[in-house]
Structures are given as C-alpha cells and as structure tokens.
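Please read the structure below before turning to the comments.
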Amino acid sequence: MSSTSSIPDPADSSGPALPNTPMAASPLTRAVLEIDEYASTLGWDQPARLFALVDTAKLRAQEPGLASQLGLDETAQSTLTPIEQDEVPAGTALDKFLGTIAWPDAVTGCALTVERLMLPPSAEGTVPNGLNEKQLAKWVAAHPDRQEVRMTVAVLRDGARESAVRLREKDSPTEVLTGADLVPGLAEALAATFED
C-alpha cells in the first residue's frame with residue numbers, strides 16, 4: 001500500500017497538538033486516539049480510512065526521507081506512526097476490501113476509521129425478524145434512537161487491539177470511549193489482514 005498522508009505527530013510542535021491523548025496510555029491507545037482526533041478534523045460523513053501503523057524509530061532509521069517528510073524528527077515521542085493509505089474504494093463492501101489487503105513486514109499494525117449508525121442495546125428486541133442486510137440498514141437509519149458513531153479500530157501483528165468510539169452528538173475529544181473489545185468484528189477483520 002502506498003502512503004498518501006500521515007497524521008500529525010502530537011510531539012511535533014509545528015503541527016496541531018493532540019492534548020487529549022493521555023501520555024500514560026499504551027502506544028496503541030495513543031495511535032488510535034491520534035487517528036480519531038485526525039478524523040475529527042475532517043468532519044463527519046467521511047469515507048472509511050485505512051492506516052498502516054509503523055514503528056517510528058525504525059521508520060526514522062530505515063526511511064529517513066519519508067520520516068522527515070512526515071515531520072518525525074528525533075524529538076517525536078510517538079512509538080507508532082499512523083500512515084494513511086490510499087482511499088478505500090467507494091461502493092466496495094468493507095469486508096471484501098479488507099480481504100484484499102496484505103501488509104509488508106515493515107508494517108507493525110493497521111487501523112481503520114469508519115462511520116456507522118448504531119442502536120442502543122434496548123432497541124435490540126424491537127428489530128423485525130427476517131430483514132436482509134439492506135432492509136436492516138434502512139430500518140436502523142429510520143429508528144428514532146439511532147446514533148451516528150465514528151469507530152477507530154487498530155490491531156498489531158502481535159494480536160494487541162484497541163478501539164475508540166465517538167458519538168456524533170457528543171463530538172468532543174473528552175467524550176471518546178476507548179477499549180480493546182468495543183468493535184470485535186472489525187478488529188477480527190483487521191487482524192486477518194496479517195494472516196499468511
């Protein structure tokens with residue numbers, strides 16, 4: 001996959017700082033929150049975005065020109081650098097697209113940010129039986145309790161996972177929910193991109 005852009009590094013004083021990324025968080029959590037914050041600067045109603053996660057120190061050592069282009073100098077404290085990949089093809093089912101991905105060895109992990117409609121658990125019992133996927137999507141879109149969410153999910157080759165979920169109605173960096181198992185299906189699909 002080719003890189004098209006990088007997310008600003010929170011330690012880079014020339015770019016926008018990400019003050020809401022907790023420094024005590026794991027490198028994977030910081031990377032997920034960095035991607036979430038980047039996606040929030042683009043606004044809502046955006047297509048899915050795929051990112052390679054690379055080891056920052058190795059990137060600086062092996063690709064100094066690219067590291068310089070991305071603003072990753074020696075003062076960068078981030079240990080994982082997200083690099084946005086080419087656009088996810090419009091109209092392609094996400095699971096089919098992810099099934100076509102193969103990462104080079106230099107990629108430590110990957111992440112995806114995607115917007116979806118979500119219903120509260122209390123609405124599960126009201127879902128009509130026998131709906132196909134298209135009908136279900138239409139039903140959810142018309143439901144009065146639907147919530148628009150942006151989900152950012154990341155996985156590493158070693159199996160580590162992290163997710164961030166942001167509600168559109170609470171669009172604030174202090175209202176982002178994080179956890180390893182928030183979006184397990186998407187995490188599984190991303191982990192499968194590292195399988196031989």
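Throughout, numbering of the chain's residues begins at 1 and tracks the sequence.
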Task: Non-hydrogen side-chain atoms of Glu175 and Leu167 separated by less than 4.5 Å - done: no
Task: Heavy-atom check, side chain of Asp36 versus side chain of Thr113, under 4.5 Å - done: no
Open item on the list: Is it the case that over 12 heavy atoms from other parts of the model lie below 6.0 angstrom from the CG atom of Asp158?
Closed with: yes
Task: Nearest heavy atoms of Phe194 and Val107, plus distance in Å - done: CE2-O, 4.1 Å
- [ ] Run the salt-bridge test on Asp86 and Arg49 with the 4.0 Å N-O cut-off and return the result as yes or no.
- [x] no
Task: Same apolar cluster: Val183 and Phe97, side chain cutoff 4.5 Å - done: yes
Open item on the list: Quick check against the 3.5 Å criterion: does Glu195 have a side-chain atom that pairs as donor or acceptor with the backbone of Ala191?
Closed with: no
Task: Candidate pair Ile101 and Leu50, rule side-chain contact (heavy atoms from CB on, under 4.5 Å), full reasoning - done: CA-CA 10 Å; Ile101 302 294; Leu50 181 67; 3.9 Å; yes
Task: Aromatic ring pairing Phe51/Tyr38, orientation class (parallel under 30°, perpendicular over 60°, tilted between) - done: perpendicular
- [ ] Please examine the side chains of Leu53 and Thr81, heavy atoms only from C-beta on, and report whether any two atoms are closer than 4.5 Å.
- [x] no
Open item on the list: A side-chain contact here means heavy atoms from C-beta on lying under 4.5 Å apart; do Arg168 and Arg150 qualify?
Closed with: no
TODO: Please round to the nearest 0.5 Å and tell me the distance separating atom OG1 of Thr108 and atom CZ of Arg157.
DONE: 7.5 Å
Task: Nearest-0.5 Å distance, CG of residue Leu177 to NZ of residue Lys170 - done: 10.5 Å
Open item on the list: Salt bridge or not between Arg30 and Glu37? Use side-chain N to carboxylate O under 4.0 Å.
Closed with: no
Open item on the list: What I'd like to find out is whether the side chain of Val176 reaches to under 4.5 Å of the side chain of Val165, using heavy atoms alone.
Closed with: no
TODO: Indicate if Val114 and Trp44 have the same hydrophobic cluster label, given that clusters are the connected sets of ILVMFWY residues with side-chain heavy-atom separations under 4.5 angstrom.
DONE: no
- [ ] State which residues pass ring-ring contact (aromatic ring centres under 6.0 Å, His included) with Trp139; sequence neighbours excluded, sorted by chain then number.
- [x] His143
- [ ] Say whether, by atom type as modelled, one donor and one acceptor occur between the side chain of Arg146 and the main chain of Leu119 under 3.5 angstrom.
- [x] no
TODO: Say whether, by atom type as modelled, one donor and one acceptor occur between the side chain of Glu162 and the main chain of Ala160 under 3.5 angstrom.
DONE: no
TODO: Name all residues meeting the salt bridge (charged side-chain N to carboxylate O under 4.0 Å, His left out) criterion together with Asp145; count only those two or more places apart in sequence or in a different chain, and write none if there are none.
DONE: none
Task: Minimum-distance pair of heavy atoms, taken over all atoms of Gly43 and Glu115 - done: O-OE2, 4.0 Å
TODO: Measure the shortest side-chain to side-chain distance between Leu190 and Cys110 over non-hydrogen atoms and say whether it is less than 4.5 angstrom.
DONE: yes
TODO: Can you see which heavy atom on Val88 is nearest to which on Ala48, and at what distance?
DONE: CG2-O, 3.6 Å
Open item on the list: Any heavy-atom pair between the side chains of Val153 and Leu112 that's under 4.5 Å?
Closed with: no
TODO: Indicate yes or no for a side-chain donor-acceptor contact from Asp181 to the backbone of Pro184 under 3.5 Å, with no hydrogens or angles considered.
DONE: no
- [ ] Grab the two heavy atoms, one from Leu80 and one from Ala31, that are nearest each other, plus how far apart they are.
- [x] CB-CB, 4.3 Å
- [ ] Start with the C-alpha distance between Arg166 and Asp171, add both sets of side-chain angles, then the distance that settles salt bridge (Lys or Arg N to Asp or Glu O under 4.0 Å), and finish with yes or no.
- [x] CA-CA 6 Å; Arg166 183 187 292 238; Asp171 193 3; 2.9 Å; yes
- [ ] Might you point out which heavy atoms bring Ala187 and Val155 nearest each other, and give the distance in Å?
- [x] O-CG1, 3.5 Å
- [ ] Please test Val140 against Leu136 for side-chain contact (heavy atoms from CB on, under 4.5 Å), starting from the C-alpha separation and ending with a verdict.
- [x] CA-CA 6 Å; Val140 169; Leu136 179 60; 4.2 Å; yes
- [ ] Answer with yes or no whether the side chains of Thr79 and Thr56 bring together a donor and an acceptor at under 3.5 Å.
- [x] no
TODO: Begin from the C-alpha positions of Leu98 and Leu186 and carry the test side-chain contact (heavy atoms from CB on, under 4.5 Å) through to its verdict.
DONE: CA-CA 10 Å; Leu98 291 176; Leu186 187 51; 4.2 Å; yes
Task: Any residue meeting salt bridge (charged side-chain N to carboxylate O under 4.0 Å, His left out) with Asp105, in chain and number order, not counting sequence neighbours - done: none
- [ ] Can you see which heavy atom on Leu33 is nearest to which on Ala164, and at what distance?
- [x] CD2-CB, 4.3 Å
Open item on the list: Contact between Arg116 and Met151 at the side-chain level, heavy atoms closer than 4.5 Å - yes or no?
Closed with: yes
Task: Spacing of Gln46 atom CD and Thr41 atom OG1 [to the nearest 0.5 Å] - done: 9.0 Å
